[in-house]
Amino acid sequence: MPSGRPGRKAGAPGPDIREHDMSLRDINFDRVRNRNERRVIRAMEKLLAEPQNQGTAQLLGIKDLQDIYALALNHLPARYAQPGTIVVGDPVRDEDAREAVMDAMDTVISRPKD
């Protein structure tokens with residue numbers, strides 16, 4: 001006998017995990033974030049604003065920028081935290097994020113998608 005909500009599709013999340021939100025048993029996990037997300041966005045802003053990158057920046061579409069963001073994050077170790085978390089040490093430096101973004105930009109530019 002299937003468990004979970006009535007009408008749940010086979011292979012869908014179980015009764016305590018909702019498919020389209022970040023809740024479990026009425027606990028919201030939306031505010032738990034990877035601390036590198038903002039660091040990568042700042043690195044992207046700075047790199048795309050540099051004069052030597054102006055031409056490239058104009059050619060990048062929304063999907064390209066999202067790909068760069070995701071690839072850069074995947075190259076950095078995840079640093080999840082919730083508001084109020086005490087951070088003892090942060091092994092990821094701004095320069096690490098910059099390098100990850102540059103690598104991601106190179107990848108997206110050299111392998112365009114249709």
Side-chain angles (χ1 to χ4, degrees):
M1 176 177 222
S3 62
R5 293 186 197 110
R8 186 171 69 92
K9 296 177 183 175
D16 294 325
I17 300 174
R18 295 180 191 110
E19 188 174 349
H20 295 288
D21 65 25
M22 295 298 296
S23 298
L24 170 70
R25 297 182 185 157
D26 296 324
I27 301 168
N28 188 330
F29 291 91
D30 281 338
R31 295 188 64 196
V32 176
R33 305 301 303 206
N34 181 341
R35 291 174 43 85
N36 291 325
E37 291 174 353
R38 186 68 197 137
R39 184 174 278 132
V40 165
I41 288 173
R42 282 194 314 263
M44 289 174 66
E45 288 171 340
K46 289 178 182 177
L47 278 167
L48 294 172
E50 291 177 358
Q52 68 270 23
N53 295 326
Q54 290 294 309
T56 301
Q58 291 178 356
L59 296 175
L60 296 172
I62 293 170
K63 180 72 171 139
D64 297 322
L65 293 171
Q66 291 172 335
D67 284 346
I68 291 167
Y69 175 72
L71 285 170
L73 282 171
N74 285 336
H75 284 131
L76 297 170
R79 302 290 299 161
Y80 286 95
Q82 62 195 25
T85 297
I86 297 171
V87 178
V88 177
D90 202 344
V92 178
R93 301 169 299 140
D94 287 343
E95 184 58 32
D96 298 326
R98 180 183 171 85
E99 289 176 25
V101 169
M102 287 189 311
D103 290 344
M105 283 177 65
D106 289 343
T107 299
V108 169
I109 290 166
S110 66
R111 300 180 196 169
K113 294 182 179 178
D114 293 332

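- Tyr69 and Ile62 fall into different hydrophobic clusters, where Ile, Leu, Val, Met, Phe, Trp and Tyr side chains are chained together by heavy-atom contacts under 4.5 Å.
- Cluster membership for Val40 and Tyr80, using ILVMFWY side-chain heavy atoms within less than 4.5 angstrom, is not shared.
- Here CG of Asp67 is found 12.5 Å from CE of Met105. Values are rounded to the nearest 0.5 Å.
- Considering every non-hydrogen atom in both Asn28 and Ser23, the closest pair reads CA-OG, 4.0 Å.
- Ile109 contributes atom CD1, which lies 8.5 Å from atom CG of Asp64 (distance to the nearest 0.5 angstrom).
- In summary, of the residues considered (Asp103, Leu47, Val108), a side chain to side chain contact (heavy atoms under 4.5 Å, CB included) with Ile68 occurs for Val108 alone.
- Atoms CZ and CD, on Arg39 and Glu37 in that order, are 12.0 Å from each other to the nearest 0.5 Å.
- Using a 4.5 Å heavy-atom threshold, the side chains of Leu65 and Leu48 count as touching.
- Of all the heavy atoms in Arg33 and Asp30, the pair that sits closest is CD-O, 3.5 Å.
- The structure places NZ of Lys46 at 6.0 Å from CG of Asp94, a figure rounded to the nearest 0.5 Å.
- Taken from CG in Leu73 to CZ in Arg79, the straight-line distance is 13.5 Å, to the nearest 0.5 Å.
- Atom CG in Asn36 sits 13.5 Å away from atom NE2 in His75 (nearest 0.5 Å).
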